[in-house]
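First up is the structure itself, then whatever we jot down about it.
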Protein chains: 2
Amino acid sequence: MADSVVLDAIDLHILRLLQNDARSTYRELAADVGVAPSTCLDRVARLRRTGVILGHQLRLNPAKLGRGLEALLLVQVRPHRRELIGPFVDRIRALPESRALFHLTGPDDYLVHVAVADPADLQRLVLDEFTSRREVARVETRLIFQQWECGPLLPPGPSPSLSAD
Amino acid sequence: MADSVVLDAIDLHILRLLQNDARSTYRELAADVGVAPSTCLDRVARLRRTGVILGHQLRLNPAKLGRGLEALLLVQVRPHRRELIGPFVDRIRALPESRALFHLTGPDDYLVHVAVADPADLQRLVLDEFTSRREVARVETRLIFQQWECGPLLPPGPSPSLSAD
DNA sequence: AGTGAAAGAATGTGTAA
DNA sequence: TTACACATTCTTTCACT
C-alpha cells in the first residue's frame, strides 16, 4: 500500500487537471488529455483502485459556518505512551472544532488545527478539552492570520512538466 | 465573502452528507434528507454561490506519488515586513513540495507543510529553498509520524441555524 | 418545493490494435 | 493488455405547477 505506482504522462496529466477541478467530467478530461472518455474512466478507476486517489473532499469556508477564527495548538502529552495517546487522539479527532491532527517529532508531540467562533470559544476549547486532561502537559496556541493552499501534488523527479501533448 | 449566510436544518444535513462523501448524487442526498432531488440541487447551488462550499478537492496519497515523507517547517522571517513576506509567500507556494502554508502569531512567523521523497530530499529543500534565503532567519523541522482528518466541519452552538460573517 | 421530460454524463460491452 | 466507439442506464437540470 505504501509502494509507488507507475504513472505515465497521461495519468499525470489527468491528476493535474483533477486537482485543478475535481468535478471535471470524463469528457472534459478526455478532450484536454487527448484520449477517449472511456479511457479516462479506466485511468481514473485504476488510480482509485491503486490508492493514488484517496477520495473526493468538499472544501468548506469555516468563516461562513460561524468558525471565523482558526488556530494551531502545539500539545505536549506526558507520559508519551500508547495507552495514553490512543484515547487522546480519539478524543481530539471527535471534537467538532478539530480540522486536522498531526503526530510529530520534536518538543511538541501533537499539532492540532482547530476552527472556532471567537477568542472566547478558543479559550474554552483550550481549557476544557486540552489543559484539563491529565496527560496534556503543555499547550501552546498560535493563531492563524492567513492560510494558503499550494500547487498540485505531483511526483518528484527530473521531468515534472512532462505533459502529454 | 463575509456576508451573512443563513443555514437551516436541510442545508446542514446536506453539508454533513457531502462531507462524508463529496461524490453523492443529488438523488442519494434527496433520499437521505427527505426532499426532492431538484431541491437538493438548488440548495447545493446556493451554498456554492454564497461561498459556504468553496469547491471539490481530490485527496491524493503522497506516498504513492513518491513523496512518502511529510514534515512541518516552522519559519522565522526577519525583518517581518510586507515587502519581504510577499515574495516569500509566493515562492513557498510555488514549490512542488509545499502542501499548505500558514501565517501565524507567535515566535515562528510561518508554518509550511511539505511532502518530500526522503530525508535527503528534505535536507535539500530546507537548505536550498529556506535557509539560503536572506529573509529566512530560522527554520525548525518537525517530521510527521502520522496525520488524521477530523470530523465534519459544522456550525457551533445548540441552534441549528445561524448567521455568520 | 415538487414533478416530469430533455439533455448530458457515467459506465459496460464488444472489437480492434 | 490497452484504447476506443457505441449503447444503455443513471444523473443532472430546467420549465412548469
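Chain letters run A, B, ... following the sequence lines, proteins first, then strands; residues in each count from 1. As a basis for the values below, the full set of heavy atoms in this structure was taken, side chains included, without hydrogen atoms, waters or symmetry mates.
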Indicate the atoms forming the closest heavy-atom contact of B/Pro107 with B/Arg78, along with that distance. O-NH2, 4.2 Å
Select base, sugar-phosphate, or nothing to describe what B/Ala36 touches, counting heavy atoms under 4.0 Å on all strands. base
Just checking B/Thr25: base, sugar-phosphate only, or nothing, at a heavy-atom cut-off of under 4.0 Å? sugar-phosphate
So, A/His103 and B/Gln147: side-chain donor and acceptor under 3.5 Å apart, yes or no? no
For DNA chain C, whose closest nucleotide is more 5', that of B/Ile10 or that of A/Ser38? B/Ile10
Could you state the CG-P distance from A/Asp42 to C/dT13, rounded to the nearest angstrom? 12 Å
B/Tyr26 OH to C/dT3 P, straight-line distance once rounded to whole Å: 19 Å
What are the 5'-most and 3'-most nucleotides of DNA chain D lying under 4.0 Å from any heavy atom of chain B? D/dT11 to D/dC14
Determine to 10° how strongly the helix from C/dA1-D/dT17 to C/dA17-D/dT1 is bent, judged from the axes of its five-pair ends. 30°
Should A/Trp148 and B/Phe102 count as side-chain neighbours, where that means a heavy-atom distance under 4.5 Å? no
Mind calculating the distance between CD (A/Glu28) and C1' (C/dA10) to the nearest angstrom? 13 Å
For B/His56 and A/Gln57, does a side-chain donor sit closer than 3.5 Å to a side-chain acceptor? no
May I have the distance from B/Leu41 (atom CG) to C/dG2 (atom P), rounded to whole angstrom? 13 Å
Expressed as a whole number of angstroms, how long is the span from B/Arg43:CZ to C/dG2:P? 9 Å
